[in-house]
Amino acid sequence: PDLIGTGFFLLGAIQKYLISVFDYLSIMSSSLSPLIRPAELLHLLKEDHTLVILDARNSANPRKTYEQGHLDRTLYIDPNLELADIKANLAEGGRHPLPTVADFCGTLGKLGITPESRIVVYDDQFGANSAARLWWMLRALGHAKVQVLEGGIQAGLGAGIPSSSNWEAANPTASYPAKTWLWPTVGINEVEAVATDPDHLVIDVRSSERYRGESEPIDLIAGHIPGAINVPLTVNLDETGNFLSPEKLREKYAAIFGEIPTEKIIVHCGSGVSACHTLLALDHAGFEVPNLYVGSWSEWSRNGKAIGKSV
């Protein structure tokens, strides 16, 4: 009987070990979806002690928004101060230029994030402001284990994830060990050089009204980069606000890209934030992630460049 009991114990231990190995390999795999459903996050909250949840909501006062209520165990990150390095003159990089890699790695260290951390980020705009930007920044450092919460905080609360108005304290650690952005970005001169080249493709993900120059609620001048095409980020979503399936997204964007390879595709928006929503959608669809023009319309329109309008 003791041998039988010992055998069952060993089998159970081996089973748990194999499950943990398979879980680890699944997490490390590049096939990890960039999106996570609320029910999956609810499970992770109970099971994964490496989990770090980040609130990336942007507003007139992001800190106050966080203090008024957030998902339980969520840490605060400031989209304007920690996900960007905003200059006094917005012509220098637009409204949300990237911080230096060193500064961002320091921010991650203060949040207790290491290469082993499993990260989930959310906002309240279906990933467009600023969860996808944070996702892009982490992936661009080489951090594979990061996902955006499908449906945002609203979906999380609807799935029964507890909320809190407490200030969640991080466990700071050393600065994240990364030296450079690994995903491609382009600057204003590179965009100008290829925007009207038929062998390249520049995609503007802003609303059609902003692209056509009918309205401009944020920047100084209405219009678009001449040669850019308009594919509003809303085409990435279904009627419920969830991302389309990888198959539907791939079909949609394959028709748009045609024969143009991703290394000759540039995606931009107003300030390099919501463009990351489309980059996430493309990653979800299995494409290589194209170039991000971080400065976007907010930089272009402040530098005396040609203005396109469709009105």
Side-chain angles (χ1 to χ4, degrees), residues 27-38 40-41 44 48 50-58 62 70-71 74-80 82-84 96-99 101 104-105 107-108 111 113-156 176 178 180-185 205 233 236-237 241-244 246 249 253 262 267-269 271-294 296:
I27 289 170
M28 291 302 292
S29 169
S30 60
S31 65
L32 181 69
S33 171
L35 299 166
I36 184 169
R37 295 192 178 278
E40 296 175 75
L41 177 56
L44 283 179
D48 195 332
T50 70
L51 180 65
V52 178
I53 310 174
L54 299 174
D55 186 326
R57 288 177 291 171
N58 205 349
H70 50 81
L71 297 184
T74 298
L75 301 178
Y76 172 72
I77 191 165
D78 193 304
N80 300 310
E82 294 172 311
L83 304 187
H96 289 99
L98 288 170
V101 169
F104 184 53
C105 287
T107 294
L108 297 179
L111 292 168
I113 291 172
T114 72
E116 290 71 43
S117 299
R118 177 80 180 264
I119 304 172
V120 173
V121 301
Y122 69 80
D123 59 27
D124 54 6
Q125 297 293 321
F126 305 107
N129 196 14
S130 301
R133 164 74 168 239
L134 178 51
W135 169 86
W136 183 95
M137 291 173 68
L138 285 160
R139 287 294 307 274
L141 285 187
H143 194 97
K145 296 183 289 183
V146 54
Q147 295 171 291
V148 170
L149 179 61
E150 184 86 273
I153 186 173
Q154 304 94 317
Y176 191 93
T180 188
W181 303 116
L182 301 175
W183 275 1
T185 62
V205 311
L233 66 86
N236 302 326
L237 305 173
N242 287 332
F243 279 81
L244 297 174
L249 285 168
Y253 281 100
T262 51
V267 180
H268 78 92
C269 55
S271 67
V273 174
S274 59
C276 296
H277 189 277
T278 289
L279 297 180
L280 186 152
L282 293 171
D283 182 67
H284 188 43
F287 289 98
E288 292 293 320
V289 174
N291 300 279
L292 171 63
Y293 172 30
V294 182
S296 287

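Remember, it's a predicted structure, so these values are computed and weren't measured experimentally.
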Asks: Taking all non-hydrogen atoms of both residues, which atom of Pro34 and which atom of Leu280 are closest, and how far apart?
Replies: CB-CG, 4.0 Å
Asks: Output the distance between atom CG (Asp55) and atom OH (Tyr122), rounded to the nearest 0.5 Å.
Replies: 3.5 Å
Asks: Could you report the tightest heavy-atom contact between Val101 and Ala178, atom names first, then the distance?
Replies: CG1-O, 3.8 Å
Asks: Looking at CG of Leu41 and CD of Glu150, how far apart are the two atoms once the value is rounded to the nearest 0.5 Å?
Replies: 12.5 Å
Asks: Check whether any side-chain heavy atom of Leu35 sits under 4.5 Å from a side-chain heavy atom of Asn242, and report yes or no.
Replies: no
Asks: Examine the side chains of Asn80 and Asn58 and answer whether a donor and an acceptor come within less than 3.5 Å of each other.
Replies: yes
Asks: As a quick check of understanding, evaluate side chain to side chain contact (heavy atoms under 4.5 Å, CB included) for Val205 and Asn236, giving each step before the final call.
Replies: CA-CA 10 Å; Val205 311; Asn236 302 326; over 6 Å; no
Asks: So, the side chain of Asp123 versus the backbone of Ala131: is there a donor-acceptor pair under 3.5 Å, distance only?
Replies: yes
Asks: Using the side chain to side chain contact (heavy atoms under 4.5 Å, CB included) rule, take His96 and Arg133 through it: C-alpha gap first, then chi angles, then the decisive distance, then the call.
Replies: CA-CA 10 Å; His96 289 99; Arg133 164 74 168 239; 4.1 Å; yes
Asks: Output, in order, the C-alpha distance, side-chain angles, deciding distance and verdict of side chain to side chain contact (heavy atoms under 4.5 Å, CB included) for Leu111 and Val52.
Replies: CA-CA 9 Å; Leu111 292 168; Val52 178; 5.5 Å; no
Asks: Walk me through it: do Leu292 and Trp183 pass the test side chain to side chain contact (heavy atoms under 4.5 Å, CB included)?
Replies: CA-CA 8 Å; Leu292 171 63; Trp183 275 1; over 6 Å; no
Asks: Locate the shortest heavy-atom distance separating Ser130 from Pro79; write the atom from each residue and the value.
Replies: OG-CB, 3.7 Å
Asks: How long is the span from the OG1 atom in Thr107 to the CD1 atom in Ile77, to the nearest 0.5 Å?
Replies: 6.0 Å
Asks: Using the ring of each side chain (for Trp, its six-membered ring), is Tyr253 parallel, tilted or perpendicular to Phe287, with breaks at 30° and 60°?
Replies: perpendicular
Asks: How many angstroms lie between CD1 in Ile36 and CG in Leu44, if you round to the nearest 0.5 Å?
Replies: 4.5 Å
Asks: CD of Gln154 to CZ of Phe126: how many Å apart, nearest 0.5 Å?
Replies: 6.0 Å
Asks: Between the side chains of Ser274 and Asn129, does any donor sit under 3.5 Å from an acceptor?
Replies: no
Asks: Could you tell me how the ring of Trp181 sits relative to the ring of Trp136: parallel (under 30°), tilted (30 to 60°) or perpendicular (over 60°)?
Replies: tilted
Asks: Quick check: closest heavy atoms across Pro246 and His284, and the distance to 0.1 Å?
Replies: CB-O, 3.3 Å
Asks: Do Tyr76 and Asp78 meet the criterion of a side-chain donor-acceptor pair at a distance under 3.5 Å?
Replies: yes
Asks: What residue pairs, at least two apart or across chains, pass salt bridge (Lys or Arg N to Asp or Glu O under 4.0 Å) with a residue in residues 275-293?
Replies: Arg139-Asp283
Asks: Taking side chain to side chain donor-acceptor pair (under 3.5 Å) as the test, write out the residues that go with Gln147, two or more places apart.
Replies: Arg118
Asks: Do you know which two heavy atoms are closest between Pro62 and Arg57, and how far apart they sit?
Replies: CB-O, 3.7 Å
Asks: Can you spot which of Leu54, Leu71, Val121 makes a side chain to side chain contact (heavy atoms under 4.5 Å, CB included) with Leu149?
Replies: Leu71
Asks: Restricting to non-hydrogen atoms, name the atom on His143 and the atom on Pro115 that form the minimum distance, rounded to 0.1 Å.
Replies: CE1-O, 3.6 Å
Asks: Looking at CG of Leu75 and CD1 of Ile119, how far apart are the two atoms once the value is rounded to the nearest 0.5 Å?
Replies: 10.0 Å
